[in-house]
Amino acid sequence: MDIFTSLNPAQREAVMATEGPLLLLAGAGSGKTRVLVNRIAYMVYNGVRPFNILAITFTNKAAREMKERIGKLLGEGGDVWASTFHSMCVRILRRDIEKIGYDGKFTIYDTEDVAKLMKQILKERNVNDKLLPAQTVLGVIGRKKDMLITPQMYINDAGSDFREQQLAELYDAYQKRLRANNALDFDDLIFQTVELFRKKPEVLDRYQNRFLYISVDEYQDTNYCQYQLVKLLSAKHGNICVVGDDDQSIYGWRGADIRNILDFEKDFPGARTIRLEQNYRSTSTILDAANAVIKNNRRRKGKTLWTENLAGTPIMYHTARTDIEEAAFVVGEIKEKKAEGAAYRDFSVLYRMNAQSRLIEDHLVRESVPYRVVGGVRFYERREVKDVLAYLKAINNPLDDISLRRILNVPRRGIGEETENRISAYAMEMEVPFYDAMESCGEIGGLPYNGKRVKEFANLMEGLTAYAAEKPVAEVIQEVLKQTDYVNELHSTEHDKDVAKDRAGNVLELLAKAEEFEKQAEKENTSASLAAFLEEVALVADIDNYAEGHDAVVLMTVHSAKGLEFNTVFLAGFEEHVFPTSRSIFDTSETGLEEERRLCYVAITRARERLFITNARSRRLFHETAYNQPSRFLKEIPVNLVETVGTETRNSEFPRFSPLAGNMRLLQKAHTMPAPKTGPPAYVEGDSVLQKKYGKGKVLAIKPAGADYEVTVEFPGIGQKKFMAHLSNLEKTNGDD
DNA sequence: CTAGGATCATCAATT
DNA sequence: ATGATCCTAG
């Protein structure tokens, strides 16, 4: 079989080790996807039915690609079940979740839905959301779910600690509400699947008998709950292959447990471990840099990637004066290389946070460089898209209060907060769903026009629901738009015409996606139901739609870039407090910083041939100008691999870029600046001042800036920060302690 | 009661 | 840029 000819010995060994537990430690660029694909092809070649193979991937995109590649190798393979944890669990739950008390048409709540639900709960229980923000509670609940801790278990564990008790009760209330709404959050998808398997062994049995060979990619990013799921599924036959790289574990903050990979051999007795340490992707320069950085982490299995590739060009390091000039440098380099014959698609710009993309986008636009941004505000999270989706969700699942209440007054139909509160109170008192309360709103006192508008809304929903029962998704959307006149409302309520156009465009795009979905479903002979559409929509990641085909520069966070590679990578904002983030720096334990370092390792290893690292001496960060030191990780890269470019001379060239768009923006900004409320600040140079975020600092300089004053303050242990006097509420204090 | 405007605080990474 | 909150005018 030709699959062997191009594999190295370790890869070949991994391909043939199909029986029993296998830990595949695959370094960046070591050809692990190829091994996984070939391994599955090898099984099928040896008589395993594709139907019996499960491949869990990290993104839908990876799943799709895996299927394609298996198909190419075998001419079949369509029956291999390749999907993400979340998609897989939804499929399992749709079929059997009623066995544990949900309805099969459950709704999936996204982050925003869930935040709204929690805010409602806090309000109802009179919990001060300043002291206990919804996000905090949800974070705690998420971690409990990752650990497979139920509300009841948490209540029992809470002991006498008031805060713990309160959190446990909120978790309980939250979970009950989800159930009443027939909704699951993202964590529930996995959690409830494990619950289902534990409570209904016959269901587990069915899947154990079906999935005789299981592989899990990006195993270092699984959490405890996912680990248990995998363990349950493979318990009978033990043919479980996990692939990962502990050095690329970057999702600790969302519950990924690095122990899963560190302890695999313990958890799955008899496991074999195979290491893939030869890198085929990057130049030795890039690889040496990555190795040098990651070896500073204490908590790792330890491995060193090597390559036969040539050294290539040095890593280019550039410090710009400002973040604006940094962006100009990046775009300038891209244009230069493009002129020398490179394609735009050869370049990616990676950054630590989405907010950094703005400046770079501005410059790309200005210089007419085609680009794509992955991540940021996602399509399905836009307000107008979510509004339309809320109609669909409410139609699909009338118990979904969150969606129903979202559209109760969207578009405006004269149903305000007070009315909503009264219906909600009635619903709670009578212990009926919100929808039912709406229908019997005649019995609720105090509603304007005796609840006429509410009644009308209920009728609208009823009509739409009946319509949806017999029409395909796209037509339902059209009907919703028609009946609500949503697009016109958009134009009349939105003042900014461009924004309104944009939003209307997004609504149409949603419609187009629905049509596409129907076509796809017909082709693949899968369900085109409303529920299926909503499910797809809930689980797509932005990266899933990233097609390499377009010739465009691609911008994304380092997190999104995991698993991808580019000829040339720009790593922008390589500064303390940005990368690594402030939070990780101030974290007393090393874990946060080690995760940042792994993230840095991921970033570096995305590059095949060229790596640019850039930073800026000053940067607008949130609402201040920050003066950050270069990232500490820079010092960990051996100097002989790095060439510093253009730091001074280039700066003088920067103002030359075509000025119009940018200056217009600056002008507009300047005009919208509010006039200062006061004269000179109440402190002078040398005074001690208090700033609410950074605490006490010393004023180094005060200088006039337009109508206001720019104040430079030195904070011990943090560094210098600049503020606009009237915006910053700096308070003069005495200089003690 | 509701709509609409103004003001203010907030802001990592994602399925 | 967005949401929460407060105010004013119908």
Side-chain angles (χ1 to χ4, degrees), chain A residues 56-62 83-90 108-112 114-116 119 123 129-130 133-135 139 142 145-146 184-190 218 221-223 225-226 249-256 350-356 358 374-378 380-383 409 411-422 446-449 451 453 492-496 499 535-544 556-562 573 577-584 592 595-596 598-599 602-603 620-624 674 692-693 727 729:
Chain A
I56 298 173
T57 57
F58 201 69
T59 63
N60 294 301
K61 179 170 177 269
S83 76
T84 64
F85 269 108
H86 290 90
S87 306
M88 172 183 82
C89 288
V90 172
I108 300 165
Y109 277 172
D110 69 14
T111 336
E112 191 191 343
V114 142
K116 280 194 173 151
K119 279 175 193 164
K123 207 168 183 183
D129 62 355
K130 292 271 182 322
Q135 285 306 337
K145 286 186 179 175
D146 288 345
L184 303 190
D185 65 19
F186 284 130
D187 297 322
D188 269 341
L189 295 177
I190 322 280
E218 308 287 5
D221 287 321
T222 52
N223 59 35
C225 186
Q226 291 165 328
S249 164
I250 56 176
Y251 283 99
W253 51 274
R254 73 173 199 207
L350 306 185
Y351 35 78
R352 182 63 181 79
M353 14 176 209
N354 283 309
Q356 290 172 255
R358 280 295 297 274
V374 175
V377 189
R378 287 194 297 251
Y380 291 112
E381 279 166 13
R382 286 167 208 240
R383 178 161 49 83
N409 197 31
R412 302 246 177 264
R413 46 175 76 93
I415 304 176
E417 199 190 342
E418 200 48 40
T419 302
E420 185 185 340
N421 287 341
R422 282 185 196 190
L447 298 184
Y449 306 98
R453 291 161 170 174
S492 57
T493 42
E494 188 68 61
H495 263 204
D496 188 328
V499 175
E535 175 181 315
E536 162 144 327
V537 159
L539 297 178
V540 287
D542 210 45
I543 194 82
D544 294 334
M556 65 180 95
T557 62
V558 182
H559 280 94
S560 296
K562 190 175 75 156
H577 302 279
V578 176
F579 197 175
T581 59
S582 297
R583 282 180 88 141
S584 65
E595 182 151 316
E596 294 289 307
R598 291 192 293 268
L599 198 53
V602 169
R620 293 288 301 172
L621 208 52
F622 305 124
H623 281 144
E624 306 145 8
K692 64 178 174 213
K693 192 160 137 206
L727 285 174
N729 295 325

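Chain A is the first sequence line, chain B the second, and so forth, proteins listed ahead of strands; every chain is numbered from 1. These numbers were taken from a predicted model, which means no experiment stands behind them.
- Applying side chain to side chain contact (heavy atoms under 4.5 Å, CB included) to I190(A) and the options H86(A), K145(A), M88(A) leaves one that passes, H86(A).
- With rounding to whole Å, L350(A) atom CG is found 14 Å from dA13(B) atom P.
- When the side-chain nitrogen and oxygen atoms of R378(A) are compared with OP1 and OP2 of dT15(B), one or more of them lie within a distance under 4.0 Å.
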Worksheet item: Dot-bracket for DNA chain B, 5' to 3', with Watson-Crick and G-U pairs under 3.5 Å, [ ] for crossing pairs and | for other-strand pairs: what is it?
Response: ||||||||||.....

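- Atom NZ of K130(A) is separated from atom C1' of dG3(C) by 11 Å (rounded to the nearest Å).
- Here N354(A) lies in heavy-atom contact (under 4.0 Å) with sugar-phosphate atoms only.
- At whole-Å resolution of the value, CD in E420(A) and P in dC1(B) are 13 Å apart.
- The CD atom of E112(A) sits 9 Å away from the P atom of dA4(C) (whole-angstrom rounding).
- Among the heavy atoms of the strands lying under 4.0 Å from E596(A) is at least one base atom, whether or not backbone atoms are also near.
- A close approach under 4.0 Å does occur between a side-chain nitrogen or oxygen of T419(A) and OP1 or OP2 of dT2(B).
- The phosphate of dG3(C) (OP1 or OP2) has no side-chain N or O of R383(A) nearer than 4.0 angstrom.
- Interatomic distance, R378(A) CZ to D544(A) CG, rounded to the nearest 0.5 Å: 9.5 Å.
- Expressed to the nearest 0.5 Å, how far CZ of F85(A) lies from CG of L539(A) amounts to 14.0 Å.
- Between dC1(B) and N421(A), no contact under 4.0 Å exists linking OP1 or OP2 to a side-chain N or O.
- Along DNA chain B, the nucleotide closest to F186(A) and the one closest to E417(A) are compared, and the more 5′ of them pairs with E417(A).
- Scored by the ring pair (Phe, Tyr, Trp, His ring centres under 6.0 Å) test, H559(A) finds Y251(A), W253(A) as partners (sequence neighbours excluded).
- Nucleotide dG4(B) holds its C1' atom 13 Å from the CD atom of E494(A), rounded to whole Å.
- Residue-level contact check: D110(A) touches neither bases nor backbone, having no heavy atom under 4.0 Å from any strand.
- For dT14(B), the OP1/OP2 oxygens have a side-chain nitrogen or oxygen of T557(A) closer than 4.0 Å.
- The side chain of E418(A) approaches dC1(B) more closely than any other nucleotide in the set dT15(B), dA13(B), dC1(B).
- Between G416(A) and R254(A), it is G416(A) whose nearest contact on DNA chain B lies nearer the 5' terminus.
- For dA4(C) and dA12(B), the C1' atoms lie 22 Å apart once the distance is rounded to whole Å.
- No donor-acceptor distance shorter than 3.5 angstrom exists from the side chain of N409(A) to the backbone of G416(A), with no hydrogens or angles considered.
- For the pair R358(A) CZ and dT2(C) P, the computed distance is 10 Å after rounding to whole Å.
- Remark: R412(A) is in phosphate contact with dG4(B), judged by side-chain N or O atoms under 4.0 Å from OP1 or OP2.
- Across all strands, Y251(A) comes closer than 4.0 Å only to sugar-phosphate atoms, never to a base (heavy-atom distances).
- Dashed line: the shortest gap from a side-chain N or O of S560(A) to OP1 or OP2 of dT14(B) is under 4.0 Å.
- Checked by atom type and distance alone, the side chain of R352(A) never pairs as donor or acceptor with a backbone atom of F579(A) at under 3.5 Å.
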Fill in: Candidate pair L189(A) and I108(A), rule side-chain contact (heavy atoms from CB on, under 4.5 Å), full reasoning
CA-CA 8 Å; L189(A) 295 177; I108(A) 300 165; 4.3 Å; yes

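- Exactly one residue among V374(A), D542(A), N354(A) makes a side chain to side chain contact (heavy atoms under 4.5 Å, CB included) with M556(A). That residue is V374(A).
- Rounding to whole angstrom units, CD1 of residue I543(A) and P of dA13(B) are separated by 14 Å.
- When the C1' atom of dT14(B) is taken as reference, atom CG of D221(A) falls 11 Å away, rounded to whole Å.
- Under 4.0 angstrom from either OP1 or OP2 of dA4(C) there lies at least one side-chain N or O belonging to K119(A).
- R422(A) and E417(A) are not joined by a salt bridge, as no carboxylate oxygen comes within less than 4.0 angstrom of a charged side-chain nitrogen.
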